[in-house]
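What follows is one structure encoded as structure tokens, with my remarks underneath.
Every chain is numbered from 1 and lettered A, B, ... according to where its sequence line falls, protein lines coming before strand lines.
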Amino acid sequence: MVERLDSIISIKNLRMSYGNKNVLNGINLEIPRGQIIGYIGTNGAGKSTTIKIMLGILEGYEGTVEIFGQDISNGSIEYKKKIGYVPELADIYENLTAFEYISFLGGIYELDQEKLIERATKLMNLFGISAIYSRISSYSKGMKQKLLIICSLIHNPDILFFDEPLSGLDANSVMVFKEVMSNLAKSGKTIFYSSHIMDVVEKVSDRILLLNDGQIVADGSFEELKNNQKEGSLEEIFNDLTGFNEHGNIAKEFISLVEEVE
Amino acid sequence: MKEFTILKILDKFQSLYKKSGVNYKTMRMILQIKLTMDGRRVSSVMSKNKKIDESDDKNNYIRLLLFNAFLSLFIGLIMMNKMPALKAVNIVMGINLFMMISLMISDFSSVLLDVKEKNILLSKPIDSKTFNAAKITHIFIYLIGISLSLNLIPLIIGTIKYGALFFMIFLIENILSALMVIAITALLYTLVLRFFDGEKLKDIINYFQIFLAFIFAFGYQLVGRVFDMGSLKGEYVPQIWHVLLPSMWFAAPFGILIDGNRQPFLIFLCVLAIIGPIILMTFYIKRVVPYFEKNLQKLNDNGGNISRGSENRKEFIAALVCKDNIERSMFKFTQNMISTERNFKLKVYPSLAMAVFLPVIFMFMDRGESFWDNIQTGYGGKIHLLMYISILTLCFCTAYINNSDSYKGAFIYKVLPIENPGIILKGAIKGTIFKLIIPVYLLEAMVFLILKGPSIIIDLAAMLLALLIASLMYFKISNKAMPFSLKFATADSGKLIGPGIITFMIISVLALIHILIRNNVIFVGIYALVLLVVNVILWKTSFKVSWKDIEKYS
């Protein structure tokens, strides 16, 4: 049990700017093993930036980021063997077939090719995809997303970064995926879950982090946030904390503009 | 996945990579998927049949190589002349470096400046050294092919003339020069990245390309002069500024070993040929790459507004040249797209720059007279007809209209109520002509007008009409899909060789007619009138295209 309390991700005073625009203004975060973290915030709040920094895609930040107790700026890429990532915009080599892409990943992660392909095929079948030898560019949005999810898990990682993983998935697959997530967490995996769909975040997360203007403005379980803010749903808490209460007026004006066309 | 011969050759050099700390196994895997992808074409939104054409892109590259081999025939002719090996190699290498830099900028800048790939690869256990090694090697594989195909005939002729020694040195030098081209280009881009950021940077890179094209076009004017300034017998006289010419570095070993010229200065140049590329490459890997990659991120930063320019003027021109409403909005759309498409500009701007510089280069070719005398009396007093060379380069600007980084946006053509796709094509070509071609032409015409007086107005008008015909023809044969609907692919230039040759012939014929009748104003007037009629007919008949025709090519 002692190990469970250790931080698997530790971020201290993280700042990042693009030019003179500050995106992250001092983020502090300790994440223990086996949690599902719901990471939410308005558009442009810095969610994807945080994730890309942890993945080592973005450099030039200030502060320290430690994953598995190792400072990621020390140049070692060892920690990346134990993390999986579903990117927000389905970035993938679309000209390859799913088979080619997966076996490429297998090579990079140094997995046994034969078992890998067998496993991947089975995983794809469970998600209802049989076209493993077709170009990824011929896939529908949902199929691509499923493939990305499978690719992020193919090497049995300890930390998962899911950036809007449900986009394009049908309701049945969403149910499967949610169940998979909670089982992964139970077996000790840490999941960093970033999304705009509040009801899902509300249901799956052990802990919710709300990012606004590059700072964490709320941190706690849904129950705790609810008690603090005296609001009923995560959506309302979100509106409240980001200082937004205009939706009625904006919608009215929107409609009147649409109806200008005769 | 497919095994590539080139990777097997690369395996022989793996210790080189391993020594510099690259994970060779990983790099090889990255290269393998990159080469696999290069051989494939992305099916676009517009295409109906999902059957994918495996061979298309690869053919483009092979076509480019064949074309280069054809060009190398002419370069080889230079070597047939009786001259010292030093001089011959200097010219051959000069041409080679120039061609490689141009292709590097237009075709591979996008590979060098790519930021998206990081998202895919760097979240995997791949260190940035290996990532960058893969990137450089990928470009290198293409460049070495281009370099060798360009030097094919010179290599054969040289070997016959001077023996096996020539073959060995020349081959090694090809590798060194390709490495140098990559290092120099990246170094220069780094300088640009150092000083600018965000949206502005993207524009700067384009201006920078024009500048590079300029440097190389003029720089290699000097190559020929290296010998002219010496004694009449063509004997080599060392000059300190020869140190600045990489082609002289590469020529030096031949001067020493084949011509038997033992000047200490040549030995110094020879040493430069070996350590120059190595130092540049080491500097690039050790110092530049880390810095480059960090600053490359700036390209993602889309901060700041794009200047809107004068909307009223745009609106006015659009209304003037387009009758149809759909055509007019396509006209404006095209102009806006062109001003924001980075890859498009990367490919087109260098040829715009060449359009301006080439006539100037020809003006000074082999003439000892002063600048002013040259303008007034050069080429039989009709020096402004050199603008046909500009016309040729300007036409090529329309080549990439059907390519775009955001090619997926092309679904709008299907969604919008558009009955006649020809209107779209017409708006797009007009937009391009007014955005890129006419401004450059007018600028040049103004310069000649000021220098030579109003007597050349009719010549200028005739050439403008010829330009419009040639641009339209080139557009017709090179662009068959909808505008901005196809993805850019590596070695795109290959597919343009056929259309390029046809347009070249059309313009040659027009230029020849014009030159023959140049001294008779009435004939030139009739010539212009005929061109006008041809223009009207062509513009009226060229856009009868149906959706079926379009789908065939998407």
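In this structure, no portion of Glu78(A) lies under 4.5 Å from any heavy atom of chain B. For Leu121(B), the part sitting under 4.5 Å from any heavy atom of chain A is the side chain, from C-beta outward, and nothing else. Within the 4.5 angstrom heavy-atom criterion, atoms from both the backbone and the side chain of Ile108(A) approach chain B. The parts of Tyr93(A) that come within reach of chain B are both its backbone and its side chain, each placing non-hydrogen atoms under 4.5 angstrom from that chain. In this structure, the portion of Lys25(B) lying under 4.5 Å from any heavy atom of chain A is its side chain and not its backbone.
Pairing each heavy atom of Ile77(A) with each of Asp127(B), the nearest pair is CD1-N, 3.6 Å. Here the closest non-hydrogen pair linking Leu122(B) and Lys80(A) is O-NZ, 2.6 Å.
A heavy-atom distance below 4.5 Å is not found between the side chains of Phe104(A) and Thr36(B).
Under a 3.5 Å cut-off, the side chain of Lys124(B) and the backbone N or O of Tyr109(A) do not form any donor-acceptor pair.
Heavy atoms of other residues, nucleotides or ligands lying less than 6.0 angstrom from NZ of Lys12(A) number more than 12. Within 6.0 Å of atom CG in Asn212(A), more than 12 heavy atoms from other residues, nucleotides or ligands are found, so the atom counts as buried in its surroundings.
Residue Gln32(B) holds its CD atom at 10.0 Å from CG of Leu96(A), rounded to the nearest 0.5 Å. The distance from atom CD of Glu100(A) to atom CE of Met37(B), rounded to the nearest 0.5 Å, is 9.5 Å.
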Mind running side chain to side chain contact (heavy atoms under 4.5 Å, CB included) on Ile83(A) and Ser123(B) for me, showing each step along the way? CA-CA 8 Å; Ile83(A) 58 178; Ser123(B) 60; 6.0 Å; no

